[in-house]
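Every value quoted in this text rests on a predicted model; they were computed, and no experiment measured them. Residue numbers start from 1 in every chain, and the chains themselves are labelled A, B, ... in the order their sequence lines are given, proteins ahead of strands. Hydrogens, waters and symmetry mates play no part in the numbers below; they use all other heavy atoms, side chains included.
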Number of protein chains: 2
Amino acid sequence: MRRFIQPRLLLLLAKKASHGYELMEALRAIPGSENLSDPGMMYRTLRQLEKAEVLRSAWDTAGRGPARRVYELTKIGREQLEAWAAEIRKTGTHLEEFLTEYESIAEHRSAKQRKRG
Amino acid sequence: MRRFIQPRLLLLLAKKASHGYELMEALRAIPGSENLSDPGMMYRTLRQLEKAEVLRSAWDTAGRGPARRVYELTKIGREQLEAWAAEIRKTGTHLEEFLTEYESIAEHRSAKQRKRG
DNA sequence: TGCGACTATATGCCAGCTACATATAGATGT
DNA sequence: ACATCTATATGTAGCTGGCATATAGTCGCA
């Protein structure tokens with residue numbers, strides 16, 4: 001699934017507004033999404049989503065450490081997330097169909113092998 | 001899922017040796033794989049898989065129409081397909097986890113909306 | 001026999017994406 | 001003062017995907 005970082009970010013932000021660094025660490029903690037936690041990808045993707053009005057951001061200078069750019073979902077963002085969910089459901093179905101097909105021929109093959117052996 | 005054309009081709013070829021044009025039409029007929037049926041992609045991917053010794057090919061001049069380059073799986077190819085299946089199973093799991101999470105927050109949101117309304 | 005449609009393989013190109021490296025800088029602890 | 005951590009951002013090179021284009025054999029048919 002291409003651009004899986006996008007739905008992952010939107011889902012995280014749907015739960016709670018957050019900034020790049022925190023999102024990066026959150027992704028790092030999700031099995032199967034570790035590879036999405038590259039800072040380069042992160043920040044560029046966030047800016048791109050903001051440009052598309054899927055997210056909006058504001059600087060947060062309170063708290064400790066350097067200033068953070070805090071992102072939150074817009075209405076478009078919530079709709080986008082729903083669209084992603086629909087697409088991911090479809091993709092999941094296609095993957096299952098693939099596996100069913102694969103297992104049917106794989107079993108066929110091992111049946112023949114049992115016969116031969 | 002990146003490069004989904006590869007597992008799809010390998011699965012088709014695991015069932016039956018075939019050539020580019022036929023594989024293209026086969027993909028076109030599989031729901032969710034229509035977009036993989038571009039001839040440019042097809043032929044390049046097939047050559048690439050042959051170079052990686054996942055497939056082997058031979059010209060077939062019998063039958064009607066122009067000569068066809070017929071591909072079949074190698075042993076490496078069958079192993080590769082099995083590896084793809086394993087990866088796809090994993091990806092499927094991650095997608096399900098995503099959807100479960102999404103549905104939990106989506107439900108939460110609509111519960112709040114019902115309360116408000 | 002000439003022409004269009006179909007079958008078949010192949011290359012060119014470019015925009016966008018990904019991975020990896022690097023730059024910058026404020027805050028914190030010792 | 002210096003290292004480490006937090007935080008954001010850019011540079012770049014290679015790969016991928018989508019779309020267009022080239023080439024050519026075969027078939028049906030008018």
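- Residue A:Tyr43 places no side-chain N or O under 4.0 Å from the OP1 or OP2 atom of D:dA9.
- When each of D:dT26, C:dA27, C:dA10 is scored by its nearest atom to the side-chain atoms of A:Arg64, the top-ranked nucleotide is C:dA27.
- Taking atom CZ of B:Arg47 as the reference point, atom C1' of C:dT9 lies 8 Å away to the nearest angstrom.
- A:Glu50 and A:Ser57 form a side-chain donor-acceptor contact under 3.5 Å, judged by distance and modelled atom types alone.
- Looking at the side chain of A:Pro39, the nearest of the listed nucleotides C:dA10, C:dT7, D:dT8 is D:dT8.
- Checking the phosphate oxygens (OP1, OP2) of C:dT18, no side-chain nitrogen or oxygen of A:Arg44 falls inside 4.0 Å.
- Taking side-chain N and O atoms only, B:Arg68 has a distance below 4.0 Å to OP1 or OP2 of C:dA8.
- In the set C:dA8, D:dC27, C:dT9, C:dT9 carries the atom at the smallest distance from any side-chain atom of B:Trp59.
- Of the residues near DNA chain C, A:Thr45 and B:His19, the one whose nearest nucleotide (by heavy atom distance) lies more toward the 5' end is B:His19.
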Could you go through the salt bridge (charged side-chain N to carboxylate O under 4.0 Å, His left out) check for B:Arg68 and B:Glu22 one step at a time?
CA-CA 10 Å; B:Arg68 284 143 283 174; B:Glu22 196 178 43; over 6 Å; no
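- Separating the OH atom of A:Tyr21 from the C1' atom of C:dT28 is a distance of 13 Å, rounded to the nearest angstrom.
- For the pair A:Leu27 CG and C:dT18 C1', the interatomic distance rounds to 15 Å; values are reported in whole Å.
- If you measure from atom CD1 of B:Ile5 to atom P of D:dC15, you get 18 Å, rounded to the nearest angstrom.
- Inter-residue side-chain proximity for A:Arg47 and A:Tyr71 is flagged as met; some heavy-atom pair is nearer than 4.5 Å.
- Atom CE in B:Met42 sits about 17 Å away from atom P in D:dC19, given to the nearest Å.
- The pair B:Lys16-B:Glu72 does not count as a salt bridge, with every side-chain nitrogen at least 4.0 angstrom from each carboxylate oxygen.
- Side-chain proximity of B:Asp38 to the nucleotides C:dA10, C:dA19, D:dG18 is greatest for D:dG18.
- In terms of phosphate contacts, A:Arg3 brings no side-chain nitrogen or oxygen within less than 4.0 Å of OP1 or OP2 of C:dG16.
- One interatomic measurement links the two molecules: CD of A:Glu50 to P of D:dT8, which rounds to 12 Å at whole-angstrom precision.
- Here C:dC20 presents its P atom at 14 Å from CD of A:Glu34, a figure rounded to the nearest Å.
- Closest to the side chain of B:Met41, out of D:dG17, C:dA27, D:dT8, is D:dG17.
- The closest side-chain heavy-atom distance from A:Arg69 to A:Tyr43 is not below 4.5 Å.
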